[in-house]
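Remarks on the structure that follows.
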Amino acid sequence: MKIEKRIKCEGCIIKQMNSFKALSKEELKSISDKKETRIIKKGEVIFKEGERLKGVFCVRDGISKLSKMSGNGRDQIIKLANKGEVLGQRSVITSERANLSATALEDMSVCFVPKAEIEKCVAENSSFTKALLNNMANELKLADVAIVNMAHKTVRQRLAEVLLYLDESFGTDQDGYLYLQLSRTDIANLVGTATELLIRTLAVFKKENSIVIDGKRIKLIDKKVLYNIVEGL
């Protein structure tokens, strides 16, 4: 992890993408004076499950996975965090140990904001507190949806949903393949299944001409078919 040249929070466009938009110019300046901008390499752990966080991480650039170790030792991916998201805020606000691990899926630039600065803004700015609560409530809602999907949707449905999510959230490269190239294990952990079953299901999708596979890369050929699979049609 490398420390980068300081970038002022009050002039950063990323603040408009998260709860920091509720802060005043003076509060942003105070945070800017205390924060640290870090370069995190692909595969590097930002924080680990069970760790006591000393602050939050605002993603300026790059993508990370938030995961939790299941009882059988599998690293279940809960969500993928993109540019503009704030990592670790729930654990910092509640003073609990992190219930997830965060790992960089590509080279990232993040701003580390000390816990004391967040607590000060929570105590003095009710709009910021409300924005934080709304953000955490939305994350809980998404978690509820994920639990329902895991219980009621087949692996085939969940995989189709994940592929469409990767396409809609992160886009494609110049050749039309999904921009975010996850390992088969990571895709399996995102879907919530064994890697072997994931590979077999991808092969079925390929045989049905809904996707094209080129090594690690995946291209969505027929999104309508994938949408129909998600709906169980």
Using the rule given for salt bridge (Lys or Arg N to Asp or Glu O under 4.0 Å), can you reason through E208 versus R156, listing the C-alpha separation, both sets of side-chain angles and the distance that settles it, and then say yes or no?
CA-CA 13 Å; E208 294 173 345; R156 179 178 169 86; 3.1 Å; yes
Does the pair K35 and E117 meet the rule for a salt bridge (Lys or Arg N to Asp or Glu O under 4.0 Å), with working shown?
CA-CA 9 Å; K35 77 173 175 67; E117 288 301 306; over 6 Å; no
Could you go through the side chain to side chain contact (heavy atoms under 4.5 Å, CB included) check for I218 and L182 one step at a time?
CA-CA 10 Å; I218 299 173; L182 298 175; over 6 Å; no
CA sep, side-chain torsions, deciding dist, call: D175, K219, salt bridge (Lys or Arg N to Asp or Glu O under 4.0 Å):
CA-CA 9 Å; D175 298 319; K219 181 190 293 187; over 6 Å; no
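Linking ILVMFWY side-chain heavy atoms closer than 4.5 Å, directly or via other members, places V45 and M69 in two distinct hydrophobic clusters. Transitive grouping of hydrophobic side chains (ILVMFWY, heavy atoms separated by less than 4.5 Å) keeps I221 and L180 in distinct clusters. L164 is connected to I213 through a chain of hydrophobic side-chain contacts under 4.5 Å among Ile, Leu, Val, Met, Phe, Trp and Tyr, so both are in one cluster. Connection of F128 to I93 is established within a shared hydrophobic cluster, with ILVMFWY side chains joined at heavy-atom distances below 4.5 Å, either directly or through further cluster members. When the side chains of ILVMFWY residues are joined at heavy-atom separations under 4.5 Å, either directly or via intervening members, V225 and V204 end up in two distinct hydrophobic clusters.
Residues T37 and V110 fail the side-chain proximity criterion, which asks for heavy atoms closer than 4.5 Å. Between L226 and D222 the shortest side-chain heavy-atom distance does not fall below 4.5 Å. Counting only heavy atoms from C-beta outward, the side chains of K25 and L28 never approach each other to under 4.5 Å. Two residues are said to be in side-chain contact when any heavy atoms from C-beta on lie closer than 4.5 Å; S30 and D33 fail this criterion. Residues V59 and N82 form no side-chain contact, since every pair of their non-hydrogen atoms from C-beta on lies 4.5 Å or further apart. Two residues are said to be in side-chain contact when any heavy atoms from C-beta on lie closer than 4.5 Å; L190 and I78 fail this criterion.
Checking E27 against S24 by side-chain atom types alone, a donor-acceptor pair falls below 3.5 Å. A donor-acceptor pair shorter than 3.5 Å can be found between the side chains of N135 and Q89. No hydrogens or angles considered: nothing links the side chains of E44 and T103 as a donor-acceptor pair under 3.5 Å. For the residue pair N18 / E85, no side-chain donor-acceptor distance below 3.5 Å is found, with atom types taken as modelled. In the model, S19 has no side-chain atom that pairs as donor or acceptor with a side-chain atom of K130 under 3.5 Å.
The two residues V92 and G55 make their nearest non-hydrogen contact at CG2-O, 3.4 Å.
Heavy-atom contacts from other residues, nucleotides or ligands closer than 6.0 Å to CD of E231 number 12 or fewer.
Listed by first and then second residue, the ring-ring contact (aromatic ring centres under 6.0 Å, His included) pairs involving residues 177-233 amount to none (not counting sequence neighbours). Identified under the ring-ring contact (aromatic ring centres under 6.0 Å, His included) test for residues 28-51, with sequence neighbours left out: F47-F57.
Going from atom CD1 of I31 over to atom NZ of K120 covers 9.0 Å, rounded to the nearest 0.5 Å. The CD atom of E51 lies 11.0 Å from the CD1 atom of I46; values are rounded to the nearest 0.5 Å.
Side-chain N or O atoms of E49 include none that pairs as donor or acceptor with a backbone N or O of L100 at under 3.5 Å.
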